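Following: one structure in structure tokens, then a few remarks.
None of the values given here were measured: they were computed from a predicted structure.
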Amino acid sequence: MKQKRNSFMTLFCAIFLIVGAIFFAVGLTMAIRDSGFRERAEEITAEITEISSYRGSDGDRRHSVYVTYQYGGRTYEEIALNFYRSGMREGQEISLLCDPENPEHVKAPGAMLLLELVFLLIGILFMGIVLVMIAISLTRKRRRKKILSSGKRLSAIVEQIAVNTSYVMNGRNPYQIYCYYRDEYKDVIYRFKSENLWINPSVALQPGDSIDVYVDGEDYSRYHVDAESILDKRVKDYT
């Protein structure tokens, strides 16, 4: 089960990383192209000659803007702008950037900036999520390895086996083992819970059974409930 969980997490991270990389690459490509366009473009004044409204497939109202302008001694009429902002009206004069190599290609200054930022930010967000997940996983593994190798071992008692309904992966909820250790010398009870387990511990453990808990020296707040070693020995899950 642990191997299956690792495979699922690897696939999940790979998908997020690929999607993030695609969004980032698209946003970066758009930004580079837009930057090149701005460098060669010339600013012109155009008149909005028509604004038509229609409903998109999602039911939202959309607008098509057409402009007329002069460039290089020639008049270009009813050129689609592919840009709209609130407050535009027919007859209004606006500043546009015109491509000298293709005068029918015009853009409003900064029209593509928001879209480029959206693609770049989504890409950074998706890739950032993967990097954070990897960092957290590596940190937990190092901490667990350190505690298991050099920590203090306590013999705790299983108190309860519960389903963690606050966490769902691949349509399933994991299990957690709640246990306690009584320090007879200090007359103190310490309670612990295991990490998420993807196999029902009840097949190998019952309330009242003993289970090892490793703590970081005298700091009992840094611990690891060693349920995996018991389950790996007693359960062979081939489903």
Could you point out which residue of Q176, R140, R144 forms a side-chain hydrogen bond (donor to acceptor under 3.5 Å, both in side chains) with E195?
->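 In the set Q176, R140, R144, the residue that makes a side-chain hydrogen bond (donor to acceptor under 3.5 Å, both in side chains) with E195 is R144.
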Nearest atoms (heavy-atom pairs only) where A46 meets L96 |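 That would be CB-CD1, 3.6 Å.
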Show which side-chain atoms of residues 73-88 pair as donor or acceptor with protein atoms under 3.5 Å away, not counting sequence neighbours.
residue: T75; atom: OG1; partner: Q70; partner atom: NE2; Å: 3.3
residue: E78; atom: OE2; partner: T49; partner atom: OG1; Å: 3.0

Pair up each side-chain donor or acceptor in residues 20-41 with any protein partner under 3.5 Å, not counting sequence neighbours, and list the distances.
residue: T29; atom: OG1; partner: A25; partner atom: O; Å: 2.8
residue: D34; atom: OD1; partner: K107; partner atom: NZ; Å: 3.4
residue: D34; atom: OD2; partner: R38; partner atom: NH1; Å: 2.5
residue: R40; atom: NE; partner: D99; partner atom: OD1; Å: 3.2
residue: R40; atom: NE; partner: D99; partner atom: OD2; Å: 3.4
residue: R40; atom: NH1; partner: G36; partner atom: O; Å: 3.4
residue: R40; atom: NH2; partner: D99; partner atom: OD2; Å: 3.3

Please walk me through it: do Y181 and D183 pass side chain to side chain contact (heavy atoms under 4.5 Å, CB included)?
-> CA-CA 6 Å; Y181 169 75; D183 189 325; 4.1 Å; yes
Please check if M127 and L125 belong to a single hydrophobic cluster, counting links between Ile, Leu, Val, Met, Phe, Trp and Tyr side chain heavy atoms closer than 4.5 Å.
->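 Yes, same cluster.
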Hey, any chance L121 and L113 share a hydrophobic cluster, counting ILVMFWY side chains that come within less than 4.5 Å of each other, even indirectly?
->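 Per the 4.5 Å side-chain linkage, L121 and L113 are not co-clustered.
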Would you say S137's side chain and M133's backbone share a donor-acceptor pair under 3.5 angstrom?
->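 No, because the side chain of S137 does not come within donor-acceptor range (under 3.5 Å) of the backbone of M133.
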With distance as the sole test, does S149 use its side chain to make a donor-acceptor pair with the main-chain N or O of K146 at under 3.5 Å?
->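 Side chain of S149 to backbone of K146: a pair is present.
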So does F16 have more than 12 non-hydrogen atoms from other groups sitting under 6.0 Å from CZ?
->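 Atom CZ in F16 is crowded, with more than 12 foreign heavy atoms closer than 6.0 Å.
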Should we count CG of D219 as having more than 12 external heavy atoms under 6.0 Å?
->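 For D219, atom CG is crowded (more than 12 foreign heavy atoms under 6.0 Å).
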What side-chain donor-acceptor pairs closer than 3.5 Å can you find for residues 206-213, not counting sequence neighbours?
residue: Q206; atom: NE2; partner: S202; partner atom: O; Å: 2.7
residue: D209; atom: OD2; partner: Q206; partner atom: N; Å: 2.8
residue: D212; atom: OD1; partner: R153; partner atom: NH1; Å: 3.2

Any chance the side chains of N173 and N164 put a donor and an acceptor closer than 3.5 Å?
->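 No, no side-chain donor-acceptor contact under 3.5 Å.
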With a 3.5 Å cut-off and no angle check, do the side chains of D226 and S229 form a donor-acceptor pair?
->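 Short answer, yes.
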Begin with the C-alpha distance, continue with both residues' side-chain angles, and end with the deciding distance and a verdict on side chain to side chain contact (heavy atoms under 4.5 Å, CB included) for V106 and L97.
-> CA-CA 5 Å; V106 291; L97 296 177; over 6 Å; no
Can you check whether Y175 reaches I199 side chain to side chain, under 4.5 Å on heavy atoms?
->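 No - every pair of side-chain heavy atoms lies 4.5 Å or more apart.
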Going through the checks in order, is the side chain to side chain contact (heavy atoms under 4.5 Å, CB included) test met by I157 and C179?
-> CA-CA 5 Å; I157 303 299; C179 57; 5.9 Å; no
Evaluate side chain to side chain contact (heavy atoms under 4.5 Å, CB included) for Y66 paired with E47, printing each intermediate quantity in order.
-> CA-CA 9 Å; Y66 299 89; E47 179 184 350; over 6 Å; no
